[in-house]
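Reminder, nothing fancy here: chain letters follow the sequence lines and each chain counts from 1. Since this is a predicted model, take the numbers as computed values, not measurements.
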Protein chains: 2
Amino acid sequence: MRSTPARERLLRTASALFYAEGLRSVGVDRVVEEASVTRATFYRHFPGKEDLVVAYLEDVDRGVRARVGEPPAAPGGAAAFLRRLTGAVGEQLCGPGFRGCPFINAAAEHPDPASPVRRVVREHRRWLGSTVERALRAAGHPDPPGAARRWTALRDGAMVAGYLDDPAAAQAVLEAAVEDLLAGALSR
Amino acid sequence: MRSTPARERLLRTASALFYAEGLRSVGVDRVVEEASVTRATFYRHFPGKEDLVVAYLEDVDRGVRARVGEPPAAPGGAAAFLRRLTGAVGEQLCGPGFRGCPFINAAAEHPDPASPVRRVVREHRRWLGSTVERALRAAGHPDPPGAARRWTALRDGAMVAGYLDDPAAAQAVLEAAVEDLLAGALSR
DNA sequence: CAGTAGGTAGAACGTTCGTTCTGCCCGAGA
DNA sequence: TCTCGGGCAGAACGAACGTTCTACCTACTG
């Protein structure tokens, strides 16, 4: 009952619509119609619209975690891991249809920190931050927690600038700034 | 006809609601009721809801521009200007009811770059970026455009982290990172 | 004194929202 | 063979959305 063609179609089209147009802008009717599924089928798989939103974010979260993986323990490998991660973010900015970070955008529409949506956002950000921190520690950086926060700030800033300003410039700035950040791992 | 008590009340309550709860979440009825104004009065002052949203953002933009002012021409003054600006952002993060950058949040709900809302967002960001760039140039930084983009990335990242993560930590990271950025103005 | 702009009060418009319901069809497992 | 869950079709719900309307009152101002 977990996964079925109709549910998969629902989640895929909802993901595309939610990301491209916003959470509140996209109605159930719209999703149902574009997924070629009836309302009854939708409510058979999801208790309500919010659960679809949560499923969308969890799906993105799952995808990112799978793509990023675990940071290696070797110092050189950990540094390469961070460069690869940063490079992937930079490329994402320049991709077609980029509209910023799904989690940041979702949070903008959900003020209540206790809402299920914000919970997913929080968990995703916590995972990302701790992963980067672990990588920085493995790379031998003198201040892993501080540098991880700095990396996150640069990443979030790049996500925003990639959406609202110039993607290519945001990519260049991100990579240069992270390179400076990683220089701290060698010195000292 | 430009400014009147009712219009002022409308704009003030709308601003508070829009920022705290999001643009699409807040309906006209809600604004009208909490401003103690009738719907007829609202539509006498604003052609539609979107115009109220634009007025809200333009009001924030006006306030920020007035508070920030113009960067001084003297190198020392320009550096102090940037420190003061960064400090103000950092304090904003820790203020009660902080819910991120109004412009970033507004853009999350408005995908169409041609929309009036996105126009205001674009103009605000352009002004902020060019102001910081001018200050960096006055401060004698070797790469004003690049450093301005870096500052903006850090500022946006701090805005996001101040909303979604730890405000105090975001403030500390922002100020430390900007201090490093300004160190480039002295060297070389 | 008349005209006009801003305000209040309240009903009403058509749409869209998220959600629920009644039926009917089909294919796979007991 | 039967049953039962997944899917389809379509109507319907109440609520909220943004918007428009009529009617009357008040305070300037030319």
Short side-chain N/O contact from B:Thr38 to OP1 or OP2 of C:dG7, under 4.0 Å:
no
Within a strict 4.5 Å, meaning less than it, do heavy atoms of the A:Pro113 and A:Arg119 side chains meet?
no
Calculate the interatomic distance between A:Glu8 atom CD and D:dG6 atom C1'; express it in whole Å.
15 Å
In terms of ring plane angle, is the pair A:Phe18 and A:Tyr56 parallel, tilted or perpendicular, where the classes change at 30° and 60°?
tilted
A:Glu33 atom CD is separated from D:dG10 atom C1', nearest whole Å, by 14 Å
Got a sec, which pairs hit side chain to side chain donor-acceptor pair (under 3.5 Å) with one end in residues 97-106 of chain B, sequence neighbours left out?
B:Arg99-B:Tyr163
Looking at side-chain heavy atoms only, is the closest gap between A:Glu133 and A:Asp143 below 4.5 Å?
no
I want to check one thing: is the phosphate of C:dT8, taken as OP1 and OP2, less than 4.0 Å away from some side-chain N or O of B:Thr41?
yes
Taking A:Arg83 first and then A:Glu175, would you say they form a salt bridge - that is, a charged N and a carboxylate O separated by under 4.0 Å?
no
B:Arg134 and B:Glu70 ion-paired at < 4.0 Å:
yes
Salt bridge or not between A:Glu123 and A:Arg118? Use side-chain N to carboxylate O under 4.0 Å.
no
Nucleotide-resolved protein contact map, nucleotides 14-30 of chain D, B/S/- at heavy-atom distance under 4.0 Å:
----SBBB---------
Estimate the overall bend of the helix from C:dC1-D:dG30 to C:dA30-D:dT1 from the end axes over five pairs each, rounded to 10 degrees.
0°
Could you state the interatomic distance from CZ (B:Arg125) to CZ (B:Arg155), rounded to the nearest 0.5 Å?
6.5 Å
